[in-house]
Amino acid sequence: QVQLVESGGGLVQAGGSLRLSCAASGRTFSVYTKGWFRQAPGKEREFVATITWSGANTAYADSVKGRFTISRDNAKNMVYLQMDSLKPADTAVYYCAAGRSAVVATTALRYDYWGQGTQVTVSS
């Protein structure tokens with residue numbers, strides 16, 4: 001069993017930055033691929049970024065490529081999402097997820113555990 005808790009969300013102006021953190025607890029944290037997803041009001045949950053257990057491979061949604069960076073620290077049981085050049089379109093609840101995958105995973109079905117989410121609001 002893996003428990004995930006996100007933090008770091010908030011209100012920021014367009015062009016600003018935020019760093020989301022996801023704290024994980026439970027067994028064998030390091031073997032899980034981690035991902036970030038987001039859900040805006042009235043929209044479906046969408047993939048944002050993913051990182052494999054070693055950190056060697058990452059993938060990003062086209063809408064955030066070049067602006068967001070995912071990273072992890074297995075020793076601290078943490079995964080991060082650095083978000084730069086934020087846009088109002090990035091406003092959403094952001095979710096951390098963990099799944100047993102040896103490769104990057106860009107679909108929600110590949111993840112077994114989810115956090116409760118943290119709100120990110122970008123004002124224009």
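- The hydrophobic cluster containing L86 also contains Y60, counting ILVMFWY residues as joined when their side-chain heavy atoms lie under 4.5 angstrom apart, directly or transitively.
- A donor-acceptor pair under 3.5 Å is absent between the side-chain atoms of T33 and the main chain of T52, judged by distance alone.
- Atom NZ of K43 has 12 or fewer heavy atoms from other residues, nucleotides or ligands within 6.0 Å.
- Connection of F47 to V93 is established within a shared hydrophobic cluster, with ILVMFWY side chains joined at heavy-atom distances below 4.5 Å, either directly or through further cluster members.
- In terms of modelled atom types and a separation under 3.5 Å, the side chain of T91 and the main chain of V122 share a donor-acceptor contact.
- For the pair R45 and W114, the distance from NZ or CZ to the six-membered ring centre is under 6.0 Å and the angle to the ring normal is within 45 degrees.
- What you find for R38 and S63 is that their closest heavy atoms are NH2-OG, 3.4 Å.
- Side-chain N or O atoms of N74 include one that pairs as donor or acceptor with a backbone N or O of W53 at under 3.5 Å.
- Here the shortest heavy-atom pairing between E6 and G115 reads OE2-CA, 3.2 Å.
- Annotation: the span from M83 atom CE to L18 atom CG amounts to 4.5 Å, rounded to 0.5 Å.
- In this structure, Q116 CD and S7 OG are separated by 13.5 Å, a value rounded to the nearest 0.5 Å.
- Rounded to the nearest 0.5 Å, atoms CG (L81) and OG1 (T118) are 11.0 Å apart.
- Q13 and S123 form no side-chain donor-acceptor contact under 3.5 Å, judged by distance and modelled atom types alone.
- Pairing each heavy atom of L20 with each of V120, the nearest pair is CD2-CG2, 4.0 Å.
- Connection of F68 to V79 is established within a shared hydrophobic cluster, with ILVMFWY side chains joined at heavy-atom distances below 4.5 Å, either directly or through further cluster members.
- Shown here for Y94 and D90, the closest heavy-atom pair between the two residues is OH-O, 2.6 Å.
- One distance of note links OG of S101 with CG of N57; it measures 10.5 Å at 0.5 Å rounding.
- Residues R100 and D112 approach most closely at N-OD2, 3.5 Å, considering heavy atoms.
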#### Entry: Working for side chain to side chain contact (heavy atoms under 4.5 Å, CB included), residues Y95 and Q39
CA-CA 8 Å; Y95 297 90; Q39 188 167 17; 4.2 Å; yes

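- Using a 4.5 Å heavy-atom cutoff, the side chains of S17 and Q82 are in contact.
- For Q119 against A92, the heavy-atom pair with the smallest separation is NE2-O, 3.5 Å.
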### Task
Start with the C-alpha gap between F37 and Y111, add the side-chain angles, then the distance that decides, and say whether ring pair (Phe, Tyr, Trp, His ring centres under 6.0 Å) holds.
CA-CA 11 Å; F37 288 74; Y111 292 87; 5.3 Å; yes

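- Atoms SG and CH2, from C22 and W36 in turn, are 5.0 Å apart once rounded to the nearest 0.5 Å.
- A cation-pi contact, defined as under 6.0 Å to the ring centre and within 45° of the axis, links R19 to Y80.
- A donor-acceptor pair under 3.5 Å is formed between the side chain of R67 and the backbone N or O of S85.
- For the pair T50 (side chain) and K34 (backbone), a donor-acceptor distance under 3.5 Å is present.
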